[in-house]
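Heavy atoms only: backbone and side chains are in, while hydrogens, waters and symmetry mates are out. Along the sequence shown, residues are numbered consecutively beginning with 1.
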Amino acid sequence: MSINCAAVDRLIDSMSFTQKVGQLNQRLLGWKSVERNAAGRLVASDELKQEIDRWGGLGTLYGLLRADPWSGQHWGNGIRPEERTEAIAVVQQTVLERGAHGIGVLLSEEAPHGHQALGGTVLPTNLGLGATFDPQGVQEAEAAVAAELAASGIHIALVSGLDIARDPRWGRYEECFGEDPLMAARMCEAIVTGMQGEHRSKVGHGGVAVVLKHLAAQGEAVGGRNGQSAVLGPHDLHEIHLPPVAAGVRAGALGFMAAYNDIDSVPCCANPWLLKDYLRDQLGFDGIVMADGLAVDRLEDMAGSIPAAGRAALLAGVDVSLWDEGFTRLEEYADDEQVVAAVDTALRRVLELKAMFGLLPEDGADTAAIAMPSADAIAQATADGREQAKRMAREAITLINDGQSAATLDDIRSVIADAQAGPVIVAGPFADDFGCFLGDYTAPLPADEQSSVYRQLVARLGEDRVLLAAKPSDAPADQWARASTVVFVCGSTSERSYDSEFDDNGAAKAVTEYGATCGEGVDLSDIRLPWRQDDMLGEVAALTTAPIVSVAVCGRAHVLTDVLERSAVTIWAGYAGQYGPQAVADVLVDGADMSGRLPVTLPAYPAAIPVRYNDRQSAAHVYKDAAEPILRGFGYGAGSLAAVTFSEMHADTQSHPGEVLVQVTAHADDHGAAGAVNLFAHVSGGRRIPRLAMLVDSVYMDLNAGERRDIAFHVPCDRLRDVGDGQVQVTCTLDGDSTHTVTATLTGEY
């Protein structure tokens, strides 16, 4: 929908200062805006009515459909999929009826890996999506999520993507696409294009506006402590943390969320260089900046008071608050010319976004004519989302160890397929667990959609063949002796219970002994597998001579050294989403290929962290008690394109001005293959210490059996050159394979 600027001007001129401030607030928790009457129908709550009356309207409403332990919404009391139309209608009609200008309310929802609502699609978390190295696949998956949101009457999707995984102690590590800025940038571009369409073509037409979070450098917080200081220089800020931001702007993102952390003491929510000079002036961003939940109020110590905190955030470039009181106190600055001007600027951005969704009254109309959700459209979009979730779960599965003992994965598959072989024992704390695959920010799923690795193997092999032993003592010694295969499901979980304690922003405040071990608020000082799982695996190994397949369900880069040593095969599954258990069974029983690659570096020791492939100095042979601190490197995937050979690699610096063209020929064997081919570079000859390696391009391929294909990597020179004159030498390597390396020299002034 085109924006009628004159109509927006008239609205702004007609509004009081209080009404303007109200349009910038997102204070109310959406699930508290409706309640059930005696007949069980949804009606507007007094809290919603009071909020509208206070401001003469409502700007943005957060989480109307959200369901999870923090909100307290579940299948017994929350808004079910078939009730979404009713809930949206109640809220929008109440806002139009009680508001002063006939303006509808923007509805925002959490969608970090699918819609966080009852019946919503649950994709793998970003760490799992990052393992696919497949931006096109992510774009298609996010388009399906956006279709579900739009069909449900939602306008804004709050989506993680900007954070870079720098320290595995950080609980929100699972929300990162990985440790590489180029891949994170491509994934952010995929999110925006999938959800908003090319050139924002789907916004208001089957798509939603994306608010990318979190801006910026939240993954760099000292010690992996959530929301704390990021201590880094301008080069690392621009090279590691800002590429996804620039990619989001290029793709047309309509929003960014300012993060909790500070950068060199300046809070992101009060950083005019970040939110104005860089984001708007340098990149040309024209959408809204939203604060993270209660982040404005956290500025109180810096600003001196809650009202001053609101003023500081507004003047720094925040347009919309989230749950804060600070923005509600902007009324106190009605005589402050700076605040008045900034309120009008932010208001214009909010109203222009509302215009895209038909939330403003047309010329001559008293109120907006808001289209209501369609139950059929919701059902179709949800079904499409489920198919995308299945596909992405399969792509996320990564083989990180094969044939550690005499048995290989192919050997184990043959044994599993042999109905006359001994029992398959599914062991480990997550053997019969579903929630471990889902990650944080996930609504509860109905019982008939829940599964586990154990249940999936029973469904395929039969109850007589598959035994469950969450603890080694759960199976008798004779069964361990007879076992043909052991599947050990280990890792971590972000699942919260409905009796968990939470901070005021929804982060985990306290978890039980066997509760969440990852997710927001669950920063850890020890990244070994929790609950002494290494010891448990040792007990299992002592009980049986059967080959062990370990399935690591992880939301952070846990230390898996013991797991790899004791397992014939190790599969890394990230948090693969609601279809994670099926994807694991597809690999073990159906022989599905594994195209995943590690999106992060796995450390070999718990204290030898952080380690990243793109550090400037190697951590090898530094620690005298941990000479080789890396267990598996970034991009590792033993199953990725295993059936492909490469030849005829060469570099061309002449044919395409401004870039290095690297070409190589791929040849699939008689099985075919799919997966990402990654090109890394090391640059020498500049004015700064070079990174050990940089991912400079990645191409996702799907080769038929016997197919030969030429692959071209296009590497912009500005990704390789340092500041200064002279020449640099660039060594490009295909997936760390020293047999496929080419060197190019870039000369001249740059």
Side-chain angles (χ1 to χ4, degrees), residues 126 130 160-173 175-185 188 212-249 256-279 282-283 292 295 298-299 302 316-317 523 525 527 556-557 599-601 603 608-619 622 629 634 683 686-695 718-723:
N126 281 356
S160 300
L162 302 180
D163 300 320
I164 304 296
R166 300 287 285 170
D167 193 320
R169 291 171 291 185
W170 187 36
R172 303 190 79 168
Y173 200 85
E175 296 182 45
C176 307
F177 284 116
E179 67 188 51
D180 179 73
L182 174 62
M183 189 52 61
C188 282
L212 286 173
K213 56 182 187 176
H214 306 85
L215 179 68
Q218 189 171 226
E220 198 73 42
V222 172
R225 302 168 198 156
N226 191 45
Q228 296 196 15
S229 299
V231 182
L232 74 169
H235 288 128
D236 280 357
L237 176 63
H238 281 82
E239 291 179 6
I240 298 295
H241 298 282
L242 295 183
V245 181
V249 174
F256 284 89
M257 179 178 284
Y260 289 123
N261 61 283
D262 65 85
I263 300 174
D264 193 22
S265 81
V266 182
C268 291
C269 276
N271 189 332
W273 174 85
L274 180 66
L275 304 182
K276 288 184 173 181
D277 298 349
Y278 175 72
L279 186 62
Q282 185 173 333
L283 297 183
D292 206 341
R298 292 185 181 187
L299 302 175
M302 180 198 79
D523 305 329
S525 63
I527 60 166
R556 53 166 39 103
V600 291
T601 301
I609 57 171
V611 284
R612 289 79 56 118
Y613 91 96
N614 53 8
D615 284 332
R616 299 187 187 280
Q617 305 282 0
S618 173
V622 172
F634 169 82
V683 181
R687 292 186 174 183
R688 288 185 282 138
I689 297 173
R691 299 190 183 280
L692 299 172
M694 300 182 296
L695 180 68
D718 61 8
R719 195 174 293 162
L720 302 171
R721 288 172 168 163
D722 202 349
V723 178

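Atom CG of Asp163 is separated from atom CD of Gln218 by 5.0 Å, given to the nearest 0.5 angstrom. The distance from the CE atom of Met257 to the CG atom of Leu212 is 10.5 Å, given to the nearest 0.5 Å. The CG atom of Leu299 lies 11.5 Å from the OH atom of Tyr260; values are rounded to the nearest 0.5 Å. Rounded to the nearest 0.5 angstrom, Leu695 CG and Met183 CE are separated by 5.5 Å. The CG atom of Asp167 sits 5.5 Å away from the CD1 atom of Ile609 when rounded to the nearest 0.5 Å.
Within the 3.5 Å criterion, the main-chain N or O of Tyr173 finds no donor-acceptor partner in the side chain of Arg556. Formation of a donor-acceptor pair under 3.5 Å by the Asp264 side chain with backbone atoms of Leu232 is not found in this model. For the pair Asp292 (side chain) and Ala295 (backbone), a donor-acceptor distance under 3.5 Å is absent.
Taking the salt bridge (charged side-chain N to carboxylate O under 4.0 Å, His left out) definition, one finds that Glu179 meets it with nothing, sequence neighbours left out. Evaluation of the side-chain hydrogen bond (donor to acceptor under 3.5 Å, both in side chains) rule for Asn126 yields no partner, not counting sequence neighbours. Scored by the salt bridge (charged side-chain N to carboxylate O under 4.0 Å, His left out) test, Arg172 finds Glu175, Glu520 as partners (sequence neighbours excluded).
Using a 3.5 Å distance cut-off with no hydrogens or angles, the side chains of Asn271 and Tyr278 do not pair a donor with an acceptor.
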Checklist entry - Can you check side chain to side chain contact (heavy atoms under 4.5 Å, CB included) on Asp523 and Gln228, steps first, answer last? => result CA-CA 12 Å; Asp523 305 329; Gln228 296 196 15; over 6 Å; no
Item to check | Verdict with supporting geometry, Leu162 and Phe256, side chain to side chain contact (heavy atoms under 4.5 Å, CB included) | outcome: CA-CA 9 Å; Leu162 302 180; Phe256 284 89; 3.7 Å; yes
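Considering all non-hydrogen atoms of both residues, Lys276 and Ala316 come closest at CG-O, 3.5 Å. The two atoms that bring Val245 and Leu215 nearest to each other are CG2-CD1, 3.5 Å, heavy atoms only. The two residues Phe634 and Asp180 come nearest to each other via the heavy atoms CZ-CB, 3.5 Å. The two atoms that bring Ala185 and Ala247 nearest to each other are O-CB, 3.3 Å, heavy atoms only. For the residue pair Ala259 and Cys269, the shortest heavy atom distance occurs at O-SG, 3.8 Å. Closest heavy-atom contact between Ala619 and Val611: CB-CG1, 3.9 Å.
When each of Arg166, His241, Arg616 is paired with Asp236, the side-chain hydrogen bond (donor to acceptor under 3.5 Å, both in side chains) condition holds for Arg616 and for no other. Partner of Val231 under the side-chain contact (heavy atoms from CB on, under 4.5 Å) criterion, out of Val222, Ile263, Asp262: Val222 alone.
Residues Cys268 and Asn261 have side chains in contact (heavy-atom distance under 4.5 Å, counting atoms from C-beta outward). Residues Trp170 and Cys176 form a side-chain contact, since some pair of their non-hydrogen atoms from C-beta on lies under 4.5 Å apart. For the pair Pro181/Asn614, a side-chain contact is recorded, criterion being any heavy-atom separation below 4.5 Å from C-beta on. Two residues are said to be in side-chain contact when any heavy atoms from C-beta on lie closer than 4.5 Å; Met694 and Val683 meet this criterion. The closest side-chain heavy-atom distance from Pro244 to Ile164 is below 4.5 Å. Residues Arg612 and Ile240 form no side-chain contact, since every pair of their non-hydrogen atoms from C-beta on lies 4.5 Å or further apart. Looking only at side-chain heavy atoms (C-beta outward), Pro168 and Val600 stay at 4.5 Å or farther from each other.
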